[in-house]
Amino acid sequence: MKRPALWIAATVLLVAAALTAVLATRSPAVTKIADSPLIGRIAPDVSGKALDGATVRLADLRGSFVVLNFFATWCIPCQREHPELVRFSQQHAADGSARVLQVIFDDTAAAARDFGKTNQVDWPVVEDPDGQVALDFGVRGPPESFLIGPDGLVLFKIVGQVDAAGLNRLLNEVAR
Amino acid sequence: MNNAVLGQSAVILGFLAAVSGAAALAYGLQQRRPAVVRAGRTYVWLLLGAALVACLAMERALITHDFSLKYVAENGSRTTPLLYTIASLWGALAGSILLWGLVLSGYLTAVTVRFRRHADDPIVGWALLVGLVVAAFFFGLMLGPANPFRTVSGAVVGDGPGPNPLLQNHPLMAYHPPMLYLGYVGFTVPFAFAIAALATGRLGEGWLVETRRWTLFAWGFLSVGILLGAWWSYEVLGWGGFWAWDPVENASFLPWLTATAYLHSVMVQERRGMLRVWNLSLLISTFSLTILGTFLTRSGVLDSVHSFTESSIGPLLLVFFGVVVAVGVGLIGWRGDELRAPGSVDSPVSREGAFLLNNLLFAAFAFVVLLGTVFPLVVEAVNGDRISVGRPYFDRMTGPIGLALLFMMAVAPALPWRKASGELLRTRLQVPAWVGALTLVGCVVAGVHGLTPLLAFGLGAFAAAAAVRQLVLATRRQGVRGLLGRANGGMVVHLGVVVIAVAFAASTSYSHRSEVRLRPGQSALVRGHRVTFLRVHEEKHGNRTSLVASIRVDGGRVFAPALSRFPFASQSIGTPSVRTGLREDVYLTLLSAPRASDGSIVLGVLVRPLVVWLWIGGGVMAIGTLMAAVPGRRRLPTSPASAPVPDAAPPRVPVAAPAP
């Protein structure tokens, strides 16, 4: 072969261009699965006062999948993932196969109530004033979510933003 | 003076200095006007001054809690201890780019000073031009999406959240990133010289001897940085591991692999004048991989515990990566064939044959790691599935390559250049081979099981004995002085690598993990270690509140794994406590707070052998690198290979002779 360096260089350039194109078209990773010692175990108890004053318990939601979402109104990724949670909740509202339960993480109930006035929140939001629930779940920073099965077992821990498609994919994975 | 204004002006000044310097150098080189080239060099000092002022302004803002700066409001806090406040400079995206700019201007200044006597040499001019273009890019980032001196709009807060709790949990965090940056950014210098060589067409070995030392320098820092990262992960994250093939770890490991390959193959070029184009390709790959790694960690496309927050600098870094690859590979395609060296490897059983194989192994290693890192993205692009490539892939693929490298490490130093006779190999390899074989047999007799760790121990002993043999011969010939210089410093590095390989194999193959629930006063026996839970108490530190358990290990010292909560973020993170030993570590983590009913806690106990030898091996590597950087006895490169390639470059000043 004449001029091997030229040919090799051309091939490398093509591969690099393809790689660059792939990288350029990727959206940021969402619904990131993380490891947690809780996976495969019964979820720690969540019970507390919801924003409307009612008492909410995680155990009462047995029978449906639950997305337990830790959030704060000051957290930008939480604000970004909110419409996705709404979408997910609506997709499963009819058959009640999956529900959303939010826990306020290092934020005031007042701020969360204000957030609910301007944003659609059609699920219970639980206060966690002394951070005990977050401690039980080993939450490091919002947003973090746990997918909990109908039997109360923790199936997945998700760090960072979730999206409806990603959550549905996890549900399908469990179904398989 | 206002920190924001001061810092912002310094960044603008730095950007202008880089652009003007690059323009002056380009003009001077193109018009062949040495006076303009010399003038272009002075901008490097301006760049350094600007970077220093910008970093000082940021440190001043952090230390004086100037919350009018967005960066300080997001990463600073009045309760954070001083060390972590200073380290917050590189704790988040914009600040890390600022540190990058400072380190790069430092390196460029060092190049200017080092080659001040060759100021008129176009190869130095070109190298500085490339360096300044890279600097202009990074300062440009700070003017746009990664501006560290943005001010908050609206009311200034009274206190901030402080750095990410994981980053203020251990002092190693203060040293790991700067070390990594000294390594990462340092590869800009050899890259710049490689581009300069391609642009001028002067591939003489003269510049190469210099470039090798700059690469060695950066490589040494990167090695230490990677190991400090592993150490930090072990001491802080609480999962008891030190390496997880996380994309960010891979991002730092990839350039390390290609740079290691270069440090070996460059010797073939120095001695035999061969592998020139390959060496240039390795330098260009190394730099490209640092930019790719920076992109992967800062664009949020990959799933990683380390990722910086999502930001808009991703596309810019990707464009820059594309430009670097296109320019580098394009130049090689254009010039490569005329620069290829005369001569070929005489026999595969020779030093150059061994280096060639070593390079193929390192290239394969890098390919495997790169593939595993970007494969999920490629699959997603092709069919939309999100998959993750886990530990098993990396372990299975890299294990055999690692073992083959250990074998080469044992054999290669014994091989002579050009051709080896069977007789010679027998005399040189006899003792090391016996040491390796006896170690293997000894391990089997002692009941060590598992093929991979057994091979690692046997080959490790073989390689270590080969390195020790070289060192003994060198000191016998020249005394302590014989330990200095590339060849023998390299052998010390090899010893460090063997120690790490053995420790890695043992600690990953023979660790034992268990979880025990203990009431106060209760004990449990884990792998021969008695752990006793004494009590739990709360401690208040400036920046956190910790729930600390007192655990006595083997009736001796009391250890204190903790669960810490940081008040502002109310995040809870576990702080492991480790009893370090030369034989094995007992790694304790507090997994749950005491139960109200009986005060019992859940304690994680991990018994891991030989972990401390990873860090000791790293220290040996660092010492070896220093010894290799000291000039030893060096043979001059053979003259035909050093001569300029005819007609490729306009006749000008002679090749920059390397100062000894």
Side-chain angles (χ1 to χ4, degrees), chain A residues 1-35 37-38 44 70 72 74-77 80 105-107 128-132 134-142 144 159-161 165-166 169-170, chain B residues 161 164-166 239 277 281 285 288 292 295-296 299-305 307 309-310 314-315 318-319 321-322 325-326 328-340 370 374 376-378 380-382 385-386 388 515 547 563 565 568-574 591-593 602 604:
Chain A
M1 187 166 59
K2 268 189 186 168
R3 306 206 59 186
L6 181 64
W7 285 105
I8 295 170
T11 317
V12 170
L13 268 185
L14 269 180
V15 174
L19 177 65
T20 313
V22 167
L23 293 176
T25 52
R26 291 310 90 207
S27 52
V30 284
T31 317
K32 298 178 181 181
I33 305 299
D35 212 5
L38 290 174
F70 291 84
W74 46 261
C75 130
I76 306 296
R80 278 199 216 127
F105 184 94
D106 190 40
D107 203 356
D128 182 22
D130 54 359
Q132 190 55 48
L135 193 61
D136 289 344
F137 278 84
V139 174
R140 285 183 175 157
E144 276 187 27
V159 172
Q161 274 174 258
R169 202 178 57 241
L170 293 182
Chain B
N164 182 332
L166 281 176
W239 58 286
V277 180
S281 313
S285 317
S288 310
L292 182 69
F295 165 77
L296 290 177
S299 63
V301 295
L302 279 172
D303 200 355
S304 161
V305 284
S307 294
T309 44
E310 212 178 293
L318 195 58
V319 168
F321 168 73
V325 174
V329 179
L331 277 172
I332 285 180
W334 174 50
R335 274 277 162 88
D337 289 296
E338 44 181 303
L339 297 179
R340 282 201 304 148
L370 181 63
V374 299
L377 297 172
V378 175
E380 196 199 340
V382 173
D385 282 351
R386 269 180 184 273
S388 68
E515 277 173 28
L547 203 58
L563 272 174
R565 294 187 59 185
F568 200 100
S570 89
Q571 304 180 13
S572 60
I573 61 170
L591 295 178
S592 81
V602 177

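The figures that follow rest on heavy atoms only: side chains count, while hydrogens, waters and symmetry mates do not. Each chain gets a letter, A, B and so on, in the order its sequence line appears, and its residues count up from 1. This one's a predicted model, so the numbers in the text were calculated from it and none came from an experiment.
- Inter-residue side-chain proximity for Val382(B) and Val22(A) is flagged as unmet; no heavy-atom pair is nearer than 4.5 Å.
- Contact count against chain A (heavy-atom pairs under 4.5 Å) is highest for Gly333(B) among Gly333(B), Gly330(B), Gly328(B), Ser281(B).
- What you find for Leu296(B) and Leu23(A) is that their closest heavy atoms are CD2-CD2, 4.2 Å.
- A pairwise comparison of heavy atoms in Ala5(A) and Ile332(B) identifies CB-O, 4.1 Å as the closest pair.
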Working for side chain to side chain contact (heavy atoms under 4.5 Å, CB included), residues Leu19(A) and Leu377(B): CA-CA 9 Å; Leu19(A) 177 65; Leu377(B) 297 172; over 6 Å; no
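- Of the atoms belonging to Leu292(B), it is side-chain heavy atoms, and not backbone ones, that fall under 4.5 Å from chain A.
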